[in-house]
4 protein chains.
Amino acid sequence: MSNEKGPDHSRRKERSRQAIFAATRALVAEEAYKNVTVEAIAARAGVGKQTIYRRWPSKSAVVFAALLALSEDAGGLSVALPDTGDLRADLKLVMRATAKEFADPSFDRPIRALNTEIANDAALAAEYREKLAQPLEEAKKARLRSAQEVGQLSADADLDLVLEVLYAPLFQRWLHRSGPLTDAYADSLVDATLRAFGP
Amino acid sequence: MSNEKGPDHSRRKERSRQAIFAATRALVAEEAYKNVTVEAIAARAGVGKQTIYRRWPSKSAVVFAALLALSEDAGGLSVALPDTGDLRADLKLVMRATAKEFADPSFDRPIRALNTEIANDAALAAEYREKLAQPLEEAKKARLRSAQEVGQLSADADLDLVLEVLYAPLFQRWLHRSGPLTDAYADSLVDATLRAFGP
Amino acid sequence: MSNEKGPDHSRRKERSRQAIFAATRALVAEEAYKNVTVEAIAARAGVGKQTIYRRWPSKSAVVFAALLALSEDAGGLSVALPDTGDLRADLKLVMRATAKEFADPSFDRPIRALNTEIANDAALAAEYREKLAQPLEEAKKARLRSAQEVGQLSADADLDLVLEVLYAPLFQRWLHRSGPLTDAYADSLVDATLRAFGP
Amino acid sequence: MSNEKGPDHSRRKERSRQAIFAATRALVAEEAYKNVTVEAIAARAGVGKQTIYRRWPSKSAVVFAALLALSEDAGGLSVALPDTGDLRADLKLVMRATAKEFADPSFDRPIRALNTEIANDAALAAEYREKLAQPLEEAKKARLRSAQEVGQLSADADLDLVLEVLYAPLFQRWLHRSGPLTDAYADSLVDATLRAFGP
DNA sequence: CTTTAAGCGAGACGGTACGTCGCGTCTTCTA
DNA sequence: TAGAAGACGCGACGTACCGTCTCGCTTAAAG
């Protein structure tokens, strides 16, 4: 059938693509980032180096694509934030979970790798915002809008700013390792944010 | 005599040290960070590679030391924040200036380099906090405490948290290039922070 | 019908075969031998690489076949040596012509390529002897036998040896570029050979 | 002492140089020539690739230098040909020995490698002639001149030509594997040469 | 005249080696 | 005798070809 044709066409491509992504994720999670080399990825994926360079221009791009694909695969599910009607409680839940994720070494390393790449490459940064950050932010803003409707958040609050005030301190503290990422800390960020942007 | 020797000795050391720092800063400001190599620094400084490796264990450390020294030279001046008695006005002044700095390319590249290094090296991160971040934060906290005394800031506010809520959004927006660093944005951060932690 | 099939079939095969040979000869004549690659041949011939590998096991074999085919096409003509009745004159004519050929760059490169391949591949060397060298040698020996019959050459001379003494010095001098390939040199080889094997 | 300085200076250099030569010779003797790669040489010599590329521009040049050095080390001894007063006997001795050498696989491979390189690189060919071929030829010519003096060789014979008639057939037969390299063959070349250039 | 399978061009694939760059160490020579 | 200069062993870079493997497309035959 013609249905088979498409998949047949891309089967080999797709197999190597997935092998490359899997190898990249494994290396990023296991190794210091400087040991994540194109050569190591190719070897681990059982793939020629050229197969990587044919598709991506640099190690950064591969790493980014691998982590992006990971998020896209899992992303559809986690995009919706909880909405119990209690914004404060919902945000605390989410912030505590986020803090825990950052503290998990198997998340820490890849996210650091990702941040290292996007900090030094404006094009990757743009792609990151478009493909990863914005969808997440939209989901979060949807929750905030819902809160605005029920009067739990100021109606004229700039939602981008709200999200920054809420998340950026956690992000910075994690990136610079400038303090512990405890539940209490997560809570205090929610409280501060709601004081700033509450009704 | 050893009196002469020591100074002579130190003077030579100091000269090459300054040459290394100058070369490092120049390269960091001019080049993409991956082109900042120990060999390039040594060549530009007119110094043997060993002279660099004798003093610092890695490129990261050199870059960090060069930028640290830069801040320490200039640091004495900017450590004291303005205190006109009007916290909101003082903070807006500082935040607008900070936003401008981040937007300046000749600051942008070095600070990105610095952040790249400390994000991936916990030891450097600790040194960064101790030598650069904490002194600055202490100066800022001094201003906040002064505000608490005159009732412009909640007496029981966690000053570390206040600073994070104030600065982290700006930092994150800059690092991820996720938005413009305008005066209005700087102001809105101050306003949000004062709503959260005001009296 | 199968009668038609064969030819039609052959016609396509033959077209690509000729394209491959033409491309190979062009590349061998134009380029340094290391730049003569299967990929370059395929690209120039407008042919898939597999079409080459389907027919020949290696680049050596293609190059050899291309040059062999060239000789076979032209070969029928030159196989017969002149026989004016004067062996010395006939040999000098042939040797001078041979020397001229070797000096011609458009012959030089292909023949060097051919020699490179057969020097390092015993199987190709055997094929070379069988398909190219022996027919030529037989033609030459026929002329020598004719000379033996009229008493211009020793009747018990080993004709293989005679040919080697006559040609090998020219070949070696060309291969090693160890001296000029002049008419005088060609003549002196004929004279030496006839002194060694004359009546 | 200054005597020590020279050697001290070159000790590391010299050690790696010798290691490279030894590895090259071993590989050339053991492996098919296409498996003799710069990478393999470097690995076997325990040397970085750059150390090879710093000194020689190509694999050809390394192989050539390695084999040249081998000959130069051993060369001083074998340069003098036997001179018993009987040219025919002396030449047969030498030619039989030469034929045996060519038949020895551990000579065959390197000499084929050498010939492959010099056939395709005029510069190497020139160096080969100057450093290897000419000294040997001078030694042989010295023996021939001695023969001329005692009337065993025509006084006006072109000695270059004599040597070519004597050696080139053997060389060509070896290179093209066009016949056996027996003692009888060696003898017949000497006999033919002396018929051509004898008194 | 359609259908079909064989052969083709195109070129991606897993690999190997290339020649270069930079690492961090080691050695030499100079001031 | 410290330091500039830079060679060294090493390992990764990004590229070129290798020989193999799909993939559609063409195309001439058999249905």
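Order of the sequence lines fixes the chain letters, A, B, ..., with proteins taken first and strands second; residue numbering starts at 1 for each chain.
A/Arg17 comes within contact range of no nucleotide atom at all, as no heavy-atom separation falls under 4.0 Å. Within 4.0 Å of A/Lys49, counting heavy atoms only, lies at least one base atom of the nucleic acid.
Annotation: side chain of B/Arg112 is not in contact with side chain of B/Tyr33 (no heavy-atom distance under 4.5 Å). Between A/Arg55 and A/Lys13 the shortest side-chain heavy-atom distance falls below 4.5 Å. Side-chain contact check for D/Leu68 versus D/Leu114: every heavy-atom pair is 4.5 Å or farther apart.
Across the protein-nucleic acid pair, B/Ile41 atom CD1 and F/dA4 atom P stand 14 Å apart, rounded to whole Å. The distance between atom NZ of A/Lys34 and atom C1' of F/dC13, rounded to the nearest whole Å, is 16 Å. Counting to the nearest Å, the P atom of E/dG11 and the CZ atom of C/Arg54 are 16 Å from each other. One atom, CD1 of D/Ile52, and another, C1' of E/dG19, lie 12 Å apart when rounded to the nearest Å. One interatomic measurement links the two molecules: CD of C/Glu31 to P of F/dA16, which rounds to 15 Å at whole-angstrom precision. When rounded to the nearest whole Å, the span between CZ of C/Arg44 and P of F/dC17 equals 14 Å. With rounding to whole Å, D/Glu14 atom CD is found 15 Å from F/dC8 atom C1'. Rounding to whole angstrom units, NZ of residue A/Lys59 and P of F/dG11 are separated by 17 Å.
Of the residues listed (D/Leu70, D/Ile52, D/Leu67, D/Val62), the one engaging D/Thr24 in a side-chain contact (heavy atoms from CB on, under 4.5 Å) is D/Val62, and it is the only one.
Along DNA chain E, the nucleotide closest to C/Ala45 and the one closest to D/Val38 are compared, and the more 5′ of them pairs with C/Ala45. DNA chain F is contacted by both A/Ala40 and C/Pro57; A/Ala40 maps to the nucleotide lying nearer its 5′ end (nearest heavy atom per residue). Each of A/Ser58 and C/Ser58 was assigned the nucleotide of DNA chain F with the nearest heavy atom; the assignment lying further toward the 5' end belongs to A/Ser58.
Of the listed nucleotides (E/dG24, F/dC8, F/dG14), E/dG24 has the atom at the smallest distance from the side chain of B/Tyr53. Each of F/dC13, E/dC13, E/dC8 was ranked by its minimum atom distance to the side chain of A/Lys13; first place goes to E/dC13. Closest contact between the side chain of C/Ser16 and the listed nucleotides E/dG9, F/dC8, E/dC18 involves E/dG9. For A/Thr37, counting side-chain heavy atoms from C-beta on, the closest listed nucleotide (F/dG3, F/dC18, F/dC13) is F/dC13.
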Item to complete: With side-chain contact (heavy atoms from CB on, under 4.5 Å) as the test, would you mind laying out the steps for A/Thr37 and A/Lys59 before giving the verdict?
Response: CA-CA 7 Å; A/Thr37 65; A/Lys59 186 190 66 171; 5.5 Å; no
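Put simply, A/Arg55 has a side-chain N or O that comes within less than 4.0 Å of OP1 or OP2 on E/dC13. Distances shorter than 4.0 Å separate none of the side-chain N or O atoms of D/Thr51 from OP1 or OP2 on F/dA7.
For E/dC21, the base has a donor-acceptor partner in the side chain of D/Gln50 [N/O atoms by modelled type, under 3.5 angstrom].
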